[in-house]
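Below: the structure, in structure tokens.
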Amino acid sequence: MSDDSTLPFTGERFTPECVREIWYEHWHRYAFARRLAAGRRVLDAACGEGYGSALLASVAVDVVGVDIDAASVAHARARYGAHPRLRYEQADATALPFADRAFDFVVSFETLEHLAAQEALLEGFARVLADDGLLLISSPDKRTYSDQAGFRNEFHVRELYREELLALLRPHFPHVRLYGQKLLFQSALWALDDAAPASCETLTADACAEQVVPGLAYAPLYFVALCGRRELPAELPALSLFGDAGESVYAHYNHEIRKNIGAGGRIVELEAEVERLRARSEPAPTRDWRWWRRKR
């Protein structure tokens, strides 16, 4: 269902009304970008519904959201366009209509794999970025997203392996810091006397907890790359955690578990009832008349 303030979800562009896993994945990227957008001129290339551009505009000097889809741009203008430092324009991300060095920060999430003209996209980003500008871009890891999962996304034109992504980025941006992104089921311990931990420990155990190794030993589902022509900011976090206070994924998980347990109990009851009905419907045993004659 949608109304005048929502954009229908087709599977190609995320909307804020989506829930659970996809909500976490998309919002986390923009929340991570927000600290880097502070005080900068920002381009959100392939901005889609516009929600992320609006979030970045809360801290940026100026934000331009660009998308090739006219309906998405019209929706974004209607829903978020009142913000004084935010505007939306219809344009092709591979042919950006902006002057050289017009931006300090470019973000483009889940765009690369939708295009055949990937080199043109990166060339355009490099052209519109200031010499000390930053690019934050994401793309699924083909190995885990498609190969291992046996999944094909109909909207993806060319997915990339890690080595292919880096080979595409480095000719334009010599400095790249690559992050992996994936939803994880974690137990969290954090110091309650600090607003945010200054340091963290990450541990991963095997299925039987016979071996515990430092770090997050998971294969990422997505890559998020921060790129620049100059040295990247020194204060970048090694780990970024993001969640919602309502714990929607966990709540959905608990709901499904309770529903399945209830269904299992009901199945046992129905099977017992079937057995009772079967026993009642079976014919009475036939009398053995030879036995009766012997008794006489």
Side-chain angles (χ1 to χ4, degrees), residues 7-8 10 12-16 26 29-30 32-34 36-139 155-158 160 165 168-176 224-230:
L7 195 67
T10 65
E12 186 173 13
R13 290 175 175 84
F14 171 81
T15 68
H26 284 72
R29 295 173 194 133
Y30 279 106
F32 184 82
R34 189 173 179 269
L36 297 166
R40 287 187 162 108
R41 302 167 297 165
V42 178
L43 170 66
D44 185 5
C47 66
E49 192 269 356
Y51 69 99
S53 306
L55 178 66
L56 300 181
S58 64
V59 296
V61 169
D62 179 70
V63 176
V64 181
V66 165
D67 201 275
I68 198 170
D69 182 61
S72 296
V73 172
H75 163 85
R77 288 171 176 168
R79 189 170 188 178
Y80 308 107
H83 196 290
R85 298 191 301 275
L86 173 63
R87 70 184 188 277
Y88 296 94
E89 298 185 13
Q90 184 183 0
D92 185 342
T94 64
L96 295 169
F98 304 111
D100 295 356
R101 300 176 177 80
F103 299 98
D104 307 305
F105 186 36
V106 173
V107 301
S108 191
F109 298 134
E110 301 307 284
T111 308
L112 199 58
E113 65 277 7
H114 291 257
L115 303 173
Q118 295 178 342
E119 181 63 37
L121 184 75
L122 269 297
E123 288 177 355
F125 291 163
R127 179 184 64 81
V128 301
L129 269 172
D131 289 339
D132 60 349
L134 298 172
L135 166 67
L136 188 64
I137 189 168
S138 72
S139 184
F155 299 109
H156 291 183
V157 174
R158 184 192 173 211
L160 301 170
L165 175 62
L168 191 67
L169 295 172
R170 282 184 169 145
H172 304 283
F173 302 98
H175 303 279
V176 177
V224 178
L226 182 65
C227 316
R229 284 188 284 260
R230 298 182 181 177

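The nearest pair of heavy atoms linking Ala37 to Leu56 is CB-CD2, 4.1 Å. Residue Asp44 comes nearest to Gly52 through the heavy atom pair OD2-C, 4.1 Å, listed as atom of the first residue, atom of the second, then distance. A pairwise comparison of heavy atoms in Cys227 and Val176 identifies SG-CG2, 4.1 Å as the closest pair. Among all heavy-atom pairs drawn from Ala33 and Val107, the shortest one is CB-CG1, 4.1 Å. The two residues Asp67 and Cys47 come nearest to each other via the heavy atoms OD2-N, 3.5 Å. Here the shortest heavy-atom pairing between Gly48 and Ser72 reads O-CB, 3.6 Å.
Contact annotation: the side chain of Val61 never approaches that of Asp104 to less than 4.5 Å [non-hydrogen atoms, C-beta and beyond]. Inter-residue side-chain proximity for His83 and Val63 is flagged as unmet; no heavy-atom pair is nearer than 4.5 Å. You'll find the side chain of Arg229 reaches within 4.5 Å of the side chain of Leu129, heavy atoms only. A heavy-atom distance below 4.5 Å is not found between the side chains of Thr111 and Ile137. At a threshold of 4.5 Å between non-hydrogen side-chain atoms, the residues Val157 and Leu115 do not count as touching.
Distance check, rounded to the nearest 0.5 Å: NE2 of His114 to OG of Ser139 gives 8.5 Å. Going from atom CG of Leu169 over to atom CG of Leu112 covers 7.5 Å, rounded to the nearest 0.5 Å. Glu110 contributes atom CD, which lies 5.5 Å from atom NE2 of His26 (distance to the nearest 0.5 angstrom). Taken to the nearest 0.5 Å, the CD atom of Gln90 stands 7.5 Å off from the CD1 atom of Ile68. In this structure, the separation between CG on Leu168 and CG on Leu122 is 4.5 Å, given to the nearest 0.5 Å. Between Leu121 atom CG and Leu96 atom CG the span is 7.5 Å, to the nearest 0.5 Å.
Between the side chain of Arg34 and the main chain of Val59, no donor-acceptor pair closer than 3.5 Å is present. Judged purely by atom type and a 3.5 angstrom limit, Arg158 has no side-chain atom pairing as donor or acceptor with the backbone of Ala116. Looking only at distances, a side-chain donor or acceptor of Arg41 sits under 3.5 Å from a matching main-chain atom of Ala102. Of the possible donor and acceptor atoms, none in the side chain of Thr94 sits under 3.5 Å from a partner among the backbone N and O of Ala120. No donor-acceptor pair under 3.5 Å is formed between the side chain of Tyr80 and the backbone N or O of Ser53. No side-chain donor-acceptor contact under 3.5 Å links Arg29 to the backbone of Val224.
A distance of 6.0 Å or more separates the ring centres of Phe125 and Phe173.
When the side chain to side chain donor-acceptor pair (under 3.5 Å) test is applied to Arg87, the partners found at least two apart in sequence or on another chain are Asp62, Glu89. Partners of Arg230 according to the side chain to side chain donor-acceptor pair (under 3.5 Å) rule, which considers only residues two or more places apart in sequence or in another chain, do not exist here.
Under the salt bridge (Lys or Arg N to Asp or Glu O under 4.0 Å) criterion, no residue pair touches residues 115-124, with sequence neighbours excluded.
Taking the six-membered ring for Trp and thresholds of 30 and 60 degrees, Tyr30 and Phe109 have ring planes more than 60 degrees apart, a perpendicular arrangement.
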Take Leu160 and Gln118, measure what side chain to side chain contact (heavy atoms under 4.5 Å, CB included) needs, and give me the verdict at the end.
CA-CA 11 Å; Leu160 301 170; Gln118 295 178 342; 3.6 Å; yes
